[in-house]
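Take a look at the structure below.
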Amino acid sequence: MGKKNIDWENLGFGYVKTDKRFVSNFKNGAWDEGALVEDDTITISECAGVLQYAQTVFEGLKAYTTEKGQIVIFRPDLNAERLEASAKRLEMPVFPRDKFIDAVVKTVEANEAYVPPYGSGATLYIRPYMFGNSPVIGVKPAEEYQFRVFTTPVGPYFKGGAKPITIKVSDFDRAAPHGTGNIKAGLNYAMSLHAIVTAHEEGFDENMYLDAATRTKVEETGGANFLFVTKDGKVVTPKSDSILPSITRRSLVAVARDYLGLEVEEREVYFDEVKDFAECGLCGTAAVISPVGRINDHGNVINFPSGMDDMGPVTKKLYDTLTGIQMGRLDAPEGWIKVIK
Ligand code: PLP
Ligand code: COI
């Protein structure tokens, strides 16, 4: 199939309308078969659960063109599993995992012309999501839901791609203990908008959120988990019940241990320790691994030894190995890669 005439190399992380999207509706206690449609708009009740009480959850994954020209997706079973956890937490019906993967595959196939070519630096971002669309006015779950999947070709999440970014320690909290920080709910992102706009106005690329209860421990950013590297080459990643269980982070832990032979610690990370790390990065589907060169904590600046020009050496190895697996240059662990065609 011919590709669309898109300047792949210069794509940012934005929305580009593609040809088809998948839609399935939940009514009378059951999901329908679902279908690919062309219409990118949605008409719902003015009183829909999603509009009134933010009953919506989503996922994010990517389709890649490999070195050999195949189109693949990365660990979609984990996205299906996480969407299930998110839906349950917001009292929404579960979209079956096998149907989730099927819907993602169909949507990518239908938009094959938008899957960026190998080596372009771009990928096809896939956004599955689900929301309450029947009217609710008393605070309760909707009775009807819609599940959709759309795709959009994207470039790097942060301008400059692999260039180190500068972040600030936020004065706002992202997630409360026992709250919804560990699921992918739209509400977590709505409440981070003021913090991110504020950070951007102050010249920072992102926020580091600390734990809401004690403000002593590192949580995550608005859209990615943290990875640190110690001066003796250990990978350290924060563990918390109020951060999103990032699929990229979980994969990188395996890559560090099994491909690179590195020691990995998944544990609580105190902000006080951060100044002693050699490297810092943000990891996620959109972020891949974005190196952090500098953290500003209310005027106290931490400059990582890896500097502001390049990724640190361990971060770079992790990045090269993960993207090598995703782009088919390296053998993947069993079950990580689903070939679409
Ligand atoms: N943390 C947050 C808040 C996110 O929105 C994301 C993005 O999905 C991640 C972490 C990274 O998760 P994943 O690697 O599964 O994309
Ligand atoms: C992703 O990485 O898929 C996300 O959903 C993060 C979002 C901030 C774009």
Side-chain angles (χ1 to χ4, degrees), residues 11-16 56-64 73-86 89 100 104 122-130 149-159 161 165 167 170 172-176 179-193 195-197 199-200 205-212 218-227 237-256 266 269 280-290 292 318-319 322-323 325-326 336:
L11 277 175
F13 196 87
Y15 174 73
V16 175
T56 178
V57 294
F58 67 101
E59 271 306 320
L61 66 163
K62 284 173 169 174
Y64 308 84
I73 51 178
F74 185 71
R75 310 190 77 179
D77 50 320
L78 297 187
N79 296 98
E81 187 184 304
R82 194 170 61 189
L83 188 74
E84 179 173 331
S86 299
R89 179 67 174 78
F100 173 97
V104 166
T123 51
L124 188 73
Y125 187 71
I126 307 163
R127 175 52 64 86
Y129 61 116
M130 202 171 121
V149 185
F150 71 78
T151 58
T152 177
V154 295
Y157 190 68
F158 294 103
K159 260 200 221 100
I165 58 169
I167 64 175
S170 183
F172 301 100
D173 294 324
R174 177 178 183 275
T180 55
N182 60 346
I183 61 158
K184 213 159 163 58
L187 59 92
N188 292 334
Y189 300 80
M191 56 78 73
S192 75
L193 295 176
I196 191 74
V197 169
H200 287 166
D205 298 294
E206 248 296 357
N207 284 294
M208 169 185 270
Y209 295 103
L210 301 181
D211 75 294
V218 176
E219 292 261 292
E220 59 176 331
T221 69
N225 284 178
F226 277 104
L227 273 185
T237 181
K239 192 172 170 172
S240 160
D241 291 338
S242 46
I243 65 173
L244 195 76
S246 158
I247 295 163
T248 313
R249 186 247 306 158
R250 287 181 273 163
S251 304
L252 285 167
V253 164
V255 162
E266 299 176 83
V269 174
C280 171
L282 308 183
C283 63
T285 299
V288 194
I289 309 183
S290 302
V292 175
L318 287 166
Y319 177 91
L322 179 70
T323 53
I325 291 169
Q326 290 166 335
W336 278 24

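Atoms within a ligand are numbered from 1 in the order they appear, just like the ligands themselves.
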> Would S290 and Y157 satisfy side-chain contact (heavy atoms from CB on, under 4.5 Å), going step by step from the backbone distance to the final call?
Replying inline: CA-CA 9 Å; S290 302; Y157 190 68; 5.5 Å; no
> Could you go step by step and tell me if N207 and F172 meet the side-chain contact (heavy atoms from CB on, under 4.5 Å) rule?
Replying inline: CA-CA 9 Å; N207 284 294; F172 301 100; over 6 Å; no
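Atom 10 (C) of ligand 1 has its nearest heavy-atom neighbour, among G181, S251, G284, A224, in A224.
Across E206 and A199, no two heavy atoms sit closer than the pair O-CB, 4.4 Å. The minimum heavy-atom distance between G181 and N188, with the atom names listed, is CA-ND2, 4.1 Å. In terms of heavy-atom proximity, V154 sits nearest to G14 at CG1-O, 3.8 Å. Here the shortest heavy-atom pairing between E220 and L244 reads OE2-N, 3.0 Å. For the pair S242 and E219, the tightest heavy-atom approach, listed with the atom from each and the gap, is OG-OE1, 2.7 Å. Across all their heavy atoms, Y189 and A185 have their closest contact at CD1-O, 3.1 Å.
Ligand 2 places these atoms under 4.0 Å from at least one heavy atom of F58: 5 (O). Residue-ligand proximity, G223 to ligand 2, at heavy-atom distances under 4.0 Å covers atoms 6 (C), 8 (C). Of all atoms in ligand 1, listed by their number and element, those nearer than 4.0 Å to a heavy atom of N225 are 1 (N), 10 (C). Below 4.0 Å from some heavy atom of R82 lie the following atoms of ligand 1, by number and element: 12 (O), 13 (P), 15 (O). Of all atoms in ligand 1, listed by their number and element, those nearer than 4.0 Å to a heavy atom of T285 are 13 (P), 14 (O), 16 (O).
In the displayed structure, Y129 atom OH is contacted under 6.0 Å by more than 12 heavy atoms of other residues, nucleotides or ligands.
On a distance-only criterion, G284 and ligand 2 share no N/O pair closer than 3.5 Å. Taking any N or O of Y125, backbone or side chain, at least one lies under 3.5 Å from an N or O belonging to ligand 2. Where the criterion is an N or O separation shorter than 3.5 Å, residue side chain and backbone included, I247 meets it with respect to ligand 1.
Put simply, no part of A287 is less than 4.0 Å from ligand 1, judged by heavy atoms. For the pair R250 and ligand 1, no heavy-atom separation below 4.0 Å is found. Taking a 4.0 Å cut-off on heavy atoms, K184 registers as neighbouring ligand 2. Residue R174 places a heavy atom less than 4.0 Å from ligand 1.
Of the inter-residue distances, the one linking T323 atom OG1 with F74 atom CZ reads 10.5 Å to the nearest 0.5 angstrom.
Proximity of R127 to ligand 2, defined as any heavy-atom pair under 4.0 Å, is confined to the side chain (atoms from C-beta onward). With a 4.0 Å heavy-atom cut-off, ligand 1 is reached by the backbone of S246 and by its side chain too.
The single protein non-hydrogen atom nearest to atom 1 (N) of ligand 1 is E220 OE1, 2.6 Å, given as residue, atom name and distance. Scanning all protein heavy atoms for the shortest distance to atom 5 (O) of ligand 1 gives Y189 OH, 2.4 Å. Ranking the protein heavy atoms by distance from atom 8 (C) of ligand 2 puts Y157 OH, 3.5 Å first. At the top of the distance list for atom 2 (O) of ligand 2, counting protein heavy atoms only, stands A286 N, 2.8 Å. Remark: minimum distance from atom 9 (C) of ligand 1 to any protein heavy atom is reached at G223 O, 3.5 Å. For atom 7 (C) of ligand 1, the nearest non-hydrogen atom of the protein is K184 NZ, 3.2 Å.
Proximity of F226 to V269: side-chain heavy atoms (C-beta onward) are nowhere separated by under 4.5 Å.
No donor-acceptor pair closer than 3.5 Å links the side chain of R82 to the backbone N or O of E59.
Of the N and O atoms on the side chains of Y125 and R127, at least one donor lies less than 3.5 Å from an acceptor on the other residue.
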